[in-house]
Amino acid sequence: MRNSAIPASNQPRHFTADVLIIGAGAAGMYAAIEAARQGAGSVLLLDRSLIGRGGATVMAQMTVAAAVGPDDDWRHHLADTLAAGRGLCDPALAALLCEVGAECILEMDRWKVGWARAGTGFASVQAPGHDRARCVYVDFLSTGPAVSKALRAQVQRVGDAIRRIGEMLVTDLVVQDGRVTGAVALHVASGAPLTIAAPTTIIATGGLTRLYARNSASANMSGDGYALAMRAGATLLDMEFVQFFPIGHLAPRLIGMDPIMWDPFRYKLGGRLLNGAMQEFVERWGGDAENGTYSTTRDLATHAIIKEVEAGHGSPNGGAWLSFTHVPAAELRAAFGPVIDKLAANGIDLTRDCIEVSPIAHYHMGGVRVDTAMRTDVPGLLCAGEAVGGANGANRLSGNAITEALAFGRLAGAEAARQAAEGAPAFDVAAARPALALLAAEGPAQNTAALVARLQHIMAADVGPFRTAAGLARAAAALAALREEIGTAPPGTPGLAHDLVRLDWLDLRQMLLVAKSVVLAATARTESRGAHQREDFPEMSPSWERNLPLRLRAGVPELA
Amino acid sequence: MPTTTLHIRRGGPGEAPRHDVFELSFEPGESVLDALRRLRIGTDPTLAFRYACLNANACKECMMLLDGKVIYACTARLEARDMRLDPLPNKTLLRDLATVIAPPDERLD
Ligand SMILES: Cc1cc2nc3c(=O)[nH]c(=O)nc-3n(C[C@H](O)[C@H](O)[C@H](O)COP(=O)(O)OP(=O)(O)OC[C@H]3O[C@@H](n4cnc5c(N)ncnc54)[C@H](O)[C@@H]3O)c2cc1C
Ligand code: FES
């Protein structure tokens with residue numbers, strides 16, 4: 001590795017803020033709004049992509065769970081959340097998700113997000129695992145875009161206190177005497193490095209779905225927040241709990257739509273899940289007979305589809321059929337609205353055609369360990385949104401993720417403003433040197449896009465919803481080989497505009513650490529629970545009703 | 001499987017414009033973005049273009065010109081013919097098909 005020394009005249013551009021927020025999804029934007037209205041004078045909101053467009057939030061097409069109905073109470077929502085989490089939820093975090101989340105939904109309503117109405121209240125649907133209709137939405141399939149848009153408008157309304165900058169990839173946090181004092185970032189558009197000083201930093205980078213070949217989220221979900229937090233000394237927990245969404249679109253090629261778009265129509269219309277022989281099968285693998293309703297939770301449905309395919313009864317592309325052919329055309333039109341036309345453009349006529357679906361990496365229950373103020377165990381570092389671990393335990397309920405992002409974003413913003421009022425530690429650029437050196441380093445040419453694809457296939461093959469000791473060992477070895485292969489410096493030279501080769505390398509560096517953590521935790525948990533299923537340990541074991549924390553020791557993730 | 005021929009504009013600001021030609025086979029229904037991502041993995045990882053949401057048409061980052069018309073690469077379908085891809089003409093060029101599309105108050109400068 002050749003480190004180009006940084007001449008003094010060529011110091012990277014430097015920013016100072018009271019609060020630095022990494023990631024501008026629902027969690028990051030709510031945090032920015034709350035920090036500013038609680039008095040933080042300067043909030044810097046960064047995203048590696050466009051503000052409010054880069055992550056999972058803008059893609060969420062379905063529903064948001066919150067106890068806002070007249071006969072509901074957040075404690076009912078909490079009971080369902082804890083039951084779905086199969087003993088692993090942090091009850092205090094889950095309670096905040098349900099209680100503060102409901103307040104956020106009402107505040108978003110005042111911000112004109114446009115929740116669908118029914119009579120005098122919100123329209124809502126009952127998703128699997130909820131004891132009543134509790135999932136509000138914006139029609140048709142517009143929940144995430146509407147949430148993003150409403151938050152972005154509020155961020156702008158706050159005015160000058162919030163500075164938003166896109167195309168800023170945070171590559172490392174800066175740590176001085178065990179405290180986070182800021183970050184180092186790469187401006188992707190120009191290839192220039194930057195430093196940022198802030199007394200409080202909030203990680204709001206979302207999940208890790210990009211680790212898997214088939215995933216539902218965006219290209220930006222490399223698990224960066226987990227890697228940033230771990231390298232700064234924070235503890236992660238429950239990294240083995242990756243949620244697979246059972247009925248991700250598989251075939252025919254469907255473009256212009258989110259691959260998990262079928263779910264709301266299953267709620268509304270009860271689409272039928274069928275095997276390759278066009279027979280219902282979910283009950284054979286431990287689910288309840290569905291009888292045209294949608295009652296199977298995500299982990300059970302994922303299990304049923306994978307087992308049915310393994311038994312040789314899959315659909316032609318290796319999934320299951322989803323059929324709405326029993327639903328009259330007028331009812332389809334009423335439920336799908338303009339989506340019917342988008343489907344027609346893809347050559348799909350639901351009165352006639354079934355589609356193929358199969359499990360797809362969707363959400364991560366694990367993440368950074370925080371307390372009820374969203375503080376990690378490293379001073380100066382908070383975390384919010386999907387990047388947080390623990391609120392949803394071993395399995396997340398449908399609709400809980402947006403609620404989590406809003407609630408935890410708001411809590412983190414308030415705490416950050418409180419901390420900012422206590423004053424800033426001095427930022428020492430010397431502490432940023434190693435991270436800057438990495439951005440200045442020049443490594444040999446590599447096809448990093450192909451290496452990312454290889455990592456995704458390793459994870460999909462052996463660290464999917466079903467795991468075995470042998471498969472996990474195979475994945476660990478393959479990941480270690482890949483780590484060797486990428487070396488210690490990003491390929492090419494710094495300073496090239498929109499250089500995807502170096503960007504992929506920097507992403508691989510984080511993805512490899514995160515993937516290793518998932519494999520480590522999945523190997524250690526010798527039982528099956530929720531989203532973590534071990535074929536060699538098929539039973540849930542009472543002795544495993546505990547979280548699995550991990551930390552970095554000498555650069556290597558270890559069980560804490 | 002049908003084959004498409006992509007003529008892709010390469011280079012950064014100030015460089016003499018050139019179009020590199022790539023031939024690739026595709027499954028009917030696949031998008032232009034599917035092809036660009038496959039080209040990066042299999043042929044030329046240095047190809048620069050923007051995208052985030054892959055195919056949900058939510059991020060709106062993948063705008064470019066196809067045969068002179070503005071499209072989203074993630075929703076435009078591949079066809080068995082010559083297809084010409086250029087960066088948006090009214091935006092500052094970064095490199096290849098990538099341009100500066102962030103609102104002015106959300107940029108570094
Ligand atoms: C297709 C899809 C549908 C979904 N549907 C629903 C639903 O109906 N209901 C529900 O409750 N949940 C749903 N979810 C889950 C939910 O959308 C997410 O859990 C939630 O939006 C996460 O919000 P967030 O703010 O934590 O992260 P995100 O919205 O993912 O935002 C994270 C941001 O961080 C940025 N970032 C990442 N790394 C860096 C870095 N190193 N430097 C700078 N920026 C960085 C990313 O670009 C991104 O913009 C869905 C998810 C997907 C993918
Ligand atoms: S990739 Fe997001 S809109 Fe095309």
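Every chain is numbered from 1, with letters handed out A, B, ... down the list of sequences.
Note that CG of B:Asp105 and CD of A:Gln156 are 6.5 Å apart. Values are rounded to the nearest 0.5 Å. To the nearest 0.5 angstrom, B:Thr75 atom OG1 is 9.0 Å from A:Lys342 atom NZ.
Salt bridge status for A:Arg152 with B:Glu106: present, with a side-chain N to carboxylate O gap under 4.0 Å.
The side-chain heavy atoms of A:Leu50 and B:Cys59, taken from C-beta on, include no pair separated by under 4.5 Å. Here the side chains of A:Arg53 and B:Lys60 are in contact, with some heavy-atom distance below 4.5 Å. When side chains are defined from C-beta on, B:Leu94 counts as touching A:Glu167, because their heavy atoms get closer than 4.5 Å. Within the 4.5 Å cutoff, side-chain heavy atoms of B:Leu108 are placed close to those of A:Arg13.
Residues A:Ala219 and B:Leu54 approach most closely at CB-CD2, 4.2 Å, considering heavy atoms. The nearest pair of heavy atoms linking B:Ala56 to A:Met59 is CB-CE, 3.7 Å.
Formation of a donor-acceptor pair under 3.5 Å by the B:Asn57 side chain with backbone atoms of A:Met257 is not found in this model. Proximity of a side-chain donor or acceptor of B:Arg95 to a complementary backbone N or O of A:Ala497 within less than 3.5 Å is detected.
In terms of heavy-atom pairs under 4.5 Å with chain A, the best-connected choice from B:Leu33, B:Asp34, B:Leu93 is B:Asp34. Of the residues considered (A:Arg163, A:Arg502, A:Met221, A:Met261), A:Arg163 shows the highest number of contacts with chain B, using heavy-atom pairs under 4.5 Å. With chain B as the partner, the residue from A:Leu45, A:Thr448, A:Asp504 showing the most heavy-atom pairs under 4.5 Å is A:Asp504. When the candidates A:Asn447, A:Leu503, A:Val58 are compared by the number of heavy-atom contacts under 4.5 Å with chain B, A:Asn447 comes out ahead. Chosen from A:Asp258, A:Leu46, A:Leu500, A:Val501, the residue pairing most often with chain B at heavy-atom distances under 4.5 Å is A:Leu500.
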Stepwise side-chain contact (heavy atoms from CB on, under 4.5 Å) check, A:His498 with B:Arg50
CA-CA 9 Å; A:His498 205 76; B:Arg50 308 183 66 123; 3.9 Å; yes
- Could you check B:Arg77 against A:Asn346 for side-chain contact (heavy atoms from CB on, under 4.5 Å), going step by step and ending with a plain yes or no? CA-CA 10 Å; B:Arg77 286 172 196 284; A:Asn346 279 283; 2.5 Å; yes
